[in-house]
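The sequence lines fix the lettering, A, B, ..., with proteins before strands; numbering per chain opens at 1.
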There are 4 protein chains.
Amino acid sequence: MAETPAASTGECKPMRADAARNRDKLLKVATQTFTDKGADASLDHIAKAAGVGIGTLYRHFPTREDLVMAVYSRQIDALEERSHELPAQHDPVEALHEWMRGFVDYYAVKQGMVTLLRSMMQSSPDAFAEARGRLRAATERILQPAIDAGGIRGDVSAEELLRALGGICLSSGTPAGATASAASTIALVDLVFDGLRYGAPSAS
Amino acid sequence: MAETPAASTGECKPMRADAARNRDKLLKVATQTFTDKGADASLDHIAKAAGVGIGTLYRHFPTREDLVMAVYSRQIDALEERSHELPAQHDPVEALHEWMRGFVDYYAVKQGMVTLLRSMMQSSPDAFAEARGRLRAATERILQPAIDAGGIRGDVSAEELLRALGGICLSSGTPAGATASAASTIALVDLVFDGLRYGAPSAS
Amino acid sequence: MAETPAASTGECKPMRADAARNRDKLLKVATQTFTDKGADASLDHIAKAAGVGIGTLYRHFPTREDLVMAVYSRQIDALEERSHELPAQHDPVEALHEWMRGFVDYYAVKQGMVTLLRSMMQSSPDAFAEARGRLRAATERILQPAIDAGGIRGDVSAEELLRALGGICLSSGTPAGATASAASTIALVDLVFDGLRYGAPSAS
Amino acid sequence: MAETPAASTGECKPMRADAARNRDKLLKVATQTFTDKGADASLDHIAKAAGVGIGTLYRHFPTREDLVMAVYSRQIDALEERSHELPAQHDPVEALHEWMRGFVDYYAVKQGMVTLLRSMMQSSPDAFAEARGRLRAATERILQPAIDAGGIRGDVSAEELLRALGGICLSSGTPAGATASAASTIALVDLVFDGLRYGAPSAS
DNA sequence: TATGAATGAGATTTCATTCAT
DNA sequence: TATGAATGAAATCTCATTCAT
């Protein structure tokens, strides 16, 4: 995966204004497109929709993976931020519950990270270590305090929680029918949350 | 989606021997291929690998969906069978636990239904109602007795349980790394199983 | 072009009853199909529509041309018959006029010989000599008496008249619009008929 | 049917030199190929013969119809031009006669518009309105003055004349044999021309 | 004789990727 | 830097034709 000129970090040369504009437009369109059609959507179409030539897309994102990665990374930015805000507003266990619901309901489903994830899992097994790492860290930032506070069992790792939440997201829009999703998805999250409390110190 | 001549039911004319052989070979190869590369693998390659002309593949499965559907349906046959055997060998709650572990560990993951599912969810939202229906019925056959026996909470539907299990399967082989899977997947199943027991009549 | 077992002439072995039935059904369906979709329609579809296997079609008509030829030949049978009846019912010049109008309006257009002709001209330049010969003979049977009777110029051959009529048929359903056809086609025939009388002995 | 960048009009951006070269080469080869084998010739072969990739052909002419249309349109360009030149060189009636002979003999037959037309009529009934309109206008430009000058009957429309001429062209290369064509085609044109004069004011 | 399964050669079309302008 | 033209490798699908049953 080739290195692309730093986008936000501002190292290197500070990227010409129009170039940055193009990059932004591309990311925005790509997010939408990947959300709609999965990560194997036509790059040509994305370029067209962003109003730039296909060559420009390739300049900014030399490989498809670079583009997917950039889109995915952006989604995670939002989740990361949330992991910093929640603890300030709720007690640890409640924060965990909020995090779980929010993760599934808003960030993953509504923001379209799901389709993206599905596609990524299909093709690129583990090329997303960095982004995934940030996500795990964010989850830990929420999970650990809840365990420490004593309402949640300690034998579940952030990794596993993440997988549970991810799984729920992924199974949204299953053949089962997209309609049941809204309510039933929350029910599932609560089911897992109950599982997390069961047998935990505070419940004994 | 055109109907293909009944394979196993044996009604109609009893399908020529070579035709049946070809159909079988195709299904076997397709199952393997879809498992490896997802449901958008090249049909050409499948035909080649099965040792038949591409035309033969199209005769048996006029559309890609017909083939995917046939493969998927076969996978479910095994699960259906299991839903009949388990209750005879275990008490209801234990049978449920077994079913859940088996579903995820063996049938879904090892048999490769996962990759297939991922692809299907991507492209054909709800063309699999029949197969899905059979799967739900099988799950119900396991879940309901456990609820009736009094060890499992009654406010979770077969549909939701299926989604939970499906979700766990789908998140196997996540960017997180395929290695953690084995153990962590079982852990997740147990987490959900615990959730099912939590607050159930027998636990109060 | 391979020889097919005589259909109506009854030489050779007198063809089994079911075989004859199949042959007839095939011809009927083929006529309709060629009329609708041109002479390069799918033979498979014709066989299916006729309710016989593709192998049976090939047994009766070893090449596509054999089938097209048989269909075309049948159409001409009707025209030939008409060339025998008309002279008995009209005076020669009037018979010619009738023949011309009838040729274009009924036999060619309504019977669908047009599409067939178009296709044939595309692919098989001169493989239809025999049928064409019968058609020319029929035309001559109508044209010559009219010339002899003195109302029609003698420097136009049956061949040319046939081409004129054929041309008019062929240009029916032209991009120009299929609607104008009915009236305008008759107008064209009359235009040619006028040309035939112009400068003829009776007109001087 | 997608719009292709203007070829000759030169508006828009002035098309890259190599693109224009390719487009031209494609049109030239396509004209020849369609002339020889009809409008359903292989696009692959055309691309190969033009020395470009198949993708390039599709870039310039997104559908087969776009290509056919472009070829047809070009042929009509020549006829249009002729309709402007003839009146300057001949008196109206003579110009009409010239136009008719030229149309059939040179432009249609020798330039190969015939095969193209046959194919088009088969498949694309009325997608050629624009080109057809130009052709009708050209015919009118020749016909009307002849009628006004008083040597030609006024009850025949340009549309009908066009159909007559078209019909004659189409019946060239009939099963009858391509040999008779040359002379006999002219004879037919003259027959129609005579029909146009018959009963006209100047003849009474 | 009849059937329809199998074959495999095309035809169309779509895209990722490279490069000339 | 940006553009979009060109390329050509797939992939899907359709049929004519042959042959086993």
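S42(B) comes within 4.0 angstrom of sugar-phosphate atoms only, judged by non-hydrogen atoms across all strands, and of no base. Residue contacts for A41(A): at a heavy-atom cut-off of 4.0 Å it reaches the sugar-phosphate backbone alone, with no base atom in range. Counting non-hydrogen atoms under 4.0 angstrom, A20(B) reaches nothing in the nucleic acid. Across all strands, L43(D) comes closer than 4.0 Å only to sugar-phosphate atoms, never to a base (heavy-atom distances).
Looking at R74(A), its side chain never comes within 3.5 Å of a backbone N or O of M69(A) through a donor-acceptor pair.
Whole-Å rounding puts the D40(C) CG to dA11(E) P distance at 14 Å. The interatomic distance linking K48(C) (NZ) with dA16(F) (P) rounds to 11 Å, in whole Å. One can place CZ of F61(D) at 15 Å from P of dT13(E), the figure rounded to the nearest angstrom. Atom-to-atom, CD1 of I46(D) to P of dA11(E) comes out at 11 Å; the value is rounded to the nearest Å. Distance, R64(A) CZ to dT14(E) C1': 13 Å, rounded to whole Å. The CZ atom of R59(A) sits 17 Å away from the P atom of dT17(E) (whole-angstrom rounding). Put simply, CG on D66(A) is 14 Å from C1' on dA16(E), counting in whole angstrom units. When the C1' atom of dT1(E) is taken as reference, atom CG of L26(C) falls 14 Å away, rounded to whole Å.
A distance of 9.0 Å separates CG of L57(A) from CG of D44(A), quoted to the nearest 0.5 Å. How far CG of D40(B) is from OG1 of T33(B): 12.0 Å, rounded to the nearest 0.5 Å.
dA20(F): Watson-Crick or G-U partner is dT3(E), with both key distances under 3.5 Å.
A sub-4.0 Å separation between OP1 or OP2 of dT1(E) and a side-chain N or O of H60(C) is absent. For the pair N22(C) and dT1(E), the criterion of a side-chain N or O lying under 4.0 Å from OP1 or OP2 is not met.
The residue among A19(B) and G55(C) whose nearest nucleotide of DNA chain E lies closer to the 5′ end is G55(C). Mapped onto DNA chain F by nearest heavy atom, D18(D) and L57(A) fall at different nucleotides, with L57(A) at the one closer to the 5' end. Mapping D44(D) and G53(B) onto DNA chain E via the closest heavy atom, the residue that lands nearer the 5' end is G53(B).
A donor atom on one side chain and an acceptor atom on the other are found under 3.5 Å apart for D66(A) and T63(A).
Between dT17(F), dC13(F), dA11(F), one nucleotide has an atom nearer to the side chain of I54(C) than all others, and that is dT17(F). Counting only heavy atoms from C-beta on, Y58(A) has its side chain closest to dA16(E) among dA11(F), dT3(F), dA16(E).
Salt bridge status for D18(B) with R23(B): absent, with no side-chain N to carboxylate O gap under 4.0 Å.
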